[in-house]
Trainee: 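Quick one: the structure is below, questions incoming.
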Amino acid sequence: MHDPGDWCPRLPTAALLRHDEARHVDVMLLPERVVVLHGSGRAVLELVDGTRTVDEIITRLAPDHVQEIRGDVISFLNRLRTEGCLR
Amino acid sequence: MTAPAPPWALLAELTHACPLHCSYCSNPLELTRRSRELTAGQWAAVFRQAAELGVLHTHLSGGEPLLRRDLEQIARAAVEAGLYTQLVTSGVGLSAGRLDALVDAGLHSVQLSVQHADPGRSDQLAGHPAFDAKRQAAALVKERGLPLGVNVVLHRHNLDALDALMELAVAWRADRVELANTQFYGWGLLNRAALMPSREQLAAAGEQVKAWRERLGGAVEITWVVPDYFSGAPKPCMGGWGAVSLTVTPDGTTLPCPAAATVPGLHAPNAAERPLRWIWEESPAFNAYRGTDWMPDPCRGCERRTEDFGGCRCQAFALTGDASRTDPACSLSPDHAALIALTRPGTPPMPVPRRPTTPDRLQERTDRRTR
């Protein structure tokens with residue numbers, strides 16, 4: 001099995017990241033779908049560009065805390081992939 | 001009173017005019033005249049207010065929105081207001097030039113209707129030679145890199161083509177497919193007997209959907225809208241009355257759902273006359289069936305009342321004459337047996353094509369059919 005850290009996630013071309021002023025949260029918008037992003041969800045997705053691996057994203061996000069956050073970031077990205085929101 | 005949670009989506013019905021004559025259309029029988037349509041400027045004001053209220057998605061729909069010559073201007077206003085903007089179209093009139101102008105305006109996605117996988121049958125169901133335009137529209141949308149959704153309203157006359165419809169959606173490179181069993185409102189309600197599928201058709205189609213989901217493994221998102229006449233469970237209509245989304249019709253009438261104009265005594269507010277925030281938060285129409293306080297038995301004490309919200313108000317009215325009764329689609333409804341009777345096989349009448357008409361003539365047609 002591949003190491004989950006080697007995957008280069010990519011946002012669908014139609015995805016839009018923005019702040020939802022009315023609800024005071026960040027969201028990812030897709031056709032017919034809203035993904036509410038909690039915590040550092042948006043910061044992670046801002047680093048998703050189709051060329052960076054998951055491990056590179058984690059290192060950029062928090063170079064001093066890679067081990068603490070690695071599991072959380074991987075499960076967040078995997079969940080989005082399962083839901084069809086990441087390629 | 002605390003303000004209700006903000007809406008997520010706005011269905012903008014820009015016009016009731018349409019080159020297609022689909023007998024399942026959920027538009028009202030009395031279609032709004034073109035002279036009464038909101039202007040592009042009025043739509044821009046609606047979009048700005050909707051965005052301020054918390055709306056994130058808008059669907060530019062109709063009728064056929066491409067019949068508005070100012071559609072590009074309307075789309076630009078929606079995008080500039082910050083809304084994720086989707087065009088909902090039959091494909092008729094979506095030339096390369098118009099699509100480019102819409103892409104330039106910032107359009108985010110396109111949903112294309114298909115009536116049948118067979119070109120001849122599709123044109124017959126649409127009452128218009130539209131299939132070639134649909135195929136070309138799908139290709140253009142994908143060439144421009146926009147996400148494409150294919151929407152099929154399913155009924156007795158196309159359910160057996162489900163596999164072929166999925167093959168078509170894959171061939172046209174759709175990103176999502178919405179397989180929506182007919183909801184019986186507007187023209188669809190008038191034509192209910194002609195459109196009603198058989199239990200066998202539905203069971204077979206349900207299995208085919210399952211197989212396609214496995215085969216495509218998430219590469220294409222498939223939505224299967226269950227036929228509530230057969231499921232025994234009411235649909236959580238619109239995610240609850242005044243809970244998730246609002247509809248603005250061509251003349252500005254603003255409704256909790258596209259079919260709600262049929263509910264008598266609703267006094268639907270108009271977005272050209274009233275602030276959208278007042279309409280959403282305070283208008284009697286949007287508060288009429290909000291929450292659970294209005295519910296009758298058996299909904300009132302039901303565990304599912306916050307999941308299905310007692311089903312659909314418009315359907316309760318259409319079938320019982322009282323919009324506040326439990327939706328007869330629910331197996332616990334005292335009116336459920338009457339609904340089941342409507343699903344029993346008989347000789348289906350011919351469908352009536354959707355066309356603009358005067359109320360008098362329509363009444364005649366309705367009388368003839370119900371006799």
Side-chain angles (χ1 to χ4, degrees), chain A residues 1-54 57 73-87, chain B residues 3-9 11 48-59 79 81-88 103 106-112 141-142 144-151 174-178 180 213 216-223 225 239 244-245 276-277 280-281:
Chain A
M1 199 179 145
H2 291 291
D3 185 315
D6 293 340
W7 166 41
C8 294
R10 186 170 57 80
L11 292 170
T13 40
L16 206 65
L17 297 175
R18 49 163 287 197
H19 187 67
D20 176 349
E21 304 282 349
R23 297 173 188 81
H24 312 289
V25 288
D26 287 319
V27 292
M28 174 162 65
L29 301 179
L30 290 162
E32 316 267 348
R33 203 188 268 199
V34 180
V35 182
V36 176
L37 304 169
H38 299 288
S40 51
R42 178 164 183 171
V44 172
L45 292 182
E46 301 268 14
L47 292 167
V48 166
D49 66 356
T51 67
R52 289 190 188 107
T53 65
V54 171
I57 289 168
V73 173
I74 287 174
S75 73
F76 169 67
L77 293 172
N78 274 339
R79 197 171 64 241
L80 286 178
R81 177 160 62 175
T82 313
E83 290 166 1
C85 302
L86 274 183
R87 306 279 154 83
Chain B
W8 296 92
L11 176 65
R48 280 194 299 270
Q49 294 177 69
E52 268 172 39
L53 199 51
V55 167
L56 297 174
H57 279 97
T58 192
H59 308 277
V79 172
L83 303 177
Y84 197 97
T85 304
Q86 168 159 272
L87 174 68
V88 180
V103 171
L107 185 74
H108 294 102
S109 65
V110 176
Q111 189 195 80
L112 181 68
V141 169
K142 291 305 292 187
R144 299 304 188 268
L146 257 56
L148 174 68
V150 164
N151 170 283
D175 300 281
R176 50 189 316 276
V177 184
E178 194 173 286
R213 279 191 175 136
L216 297 174
V220 179
E221 186 190 337
I222 304 175
T223 308
V225 178
V244 174
S245 127
L276 209 59
R277 184 176 294 280
W280 179 258
E281 294 179 354

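In the text below, chain A, chain B and the rest are named by the order of the sequence lines, each starting its count at 1. Nothing here was measured: the structure is a model prediction, and the numbers come from that model. For the numbers below, each heavy atom of this structure counts, side chains included, while hydrogens, waters and symmetry mates do not.
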Trainee: Among B:E52, B:Q111, B:R176, which residue forms the greatest number of heavy-atom pairs with chain A at distances under 4.5 Å?
Mentor: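 Sorted descending by pairs with chain A, the first entry is B:R176.
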Trainee: Any chance you could measure B:Q86, atom CD, to A:L29, atom CG, to the nearest 0.5 Å?
Mentor: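 So the CD of B:Q86 and the CG of A:L29 are separated by 12.5 Å.
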Trainee: Taking every heavy-atom pair that is under 4.5 Å apart, which of B:A5, B:A51, B:G82 has the most such pairs with chain A?
Mentor: B:G82
Trainee: Between A:T13 and B:G145, what is the shortest heavy-atom contact and its length?
Mentor: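 So the two residues come closest at OG1-O, 3.9 Å.
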Trainee: What closest approach, in Å, do A:A14 and B:P147 show between heavy atoms, and which atom pair accounts for it?
Mentor: CB-CG, 3.1 Å
Trainee: Would you mind checking which part of B:L146 comes under 4.5 Å of any heavy atom in chain A, side chain (CB onward), backbone (N, CA, C, O), both or neither?
Mentor: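 Contact with chain A is absent: no heavy atom of B:L146 under 4.5 Å.
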Trainee: Atom CG of B:L56 and atom CD of A:E21: how far apart are they, to the nearest 0.5 Å?
Mentor: 10.5 Å
Trainee: Can you check whether anything in residues 30-46 of chain A gets within less than 4.5 Å of chain B, heavy-atom wise, and list it by number?
Mentor: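 Interface residues of residues 30-46 of chain A: A:L30, A:P31, A:E32, A:R33, A:V34, A:V36.
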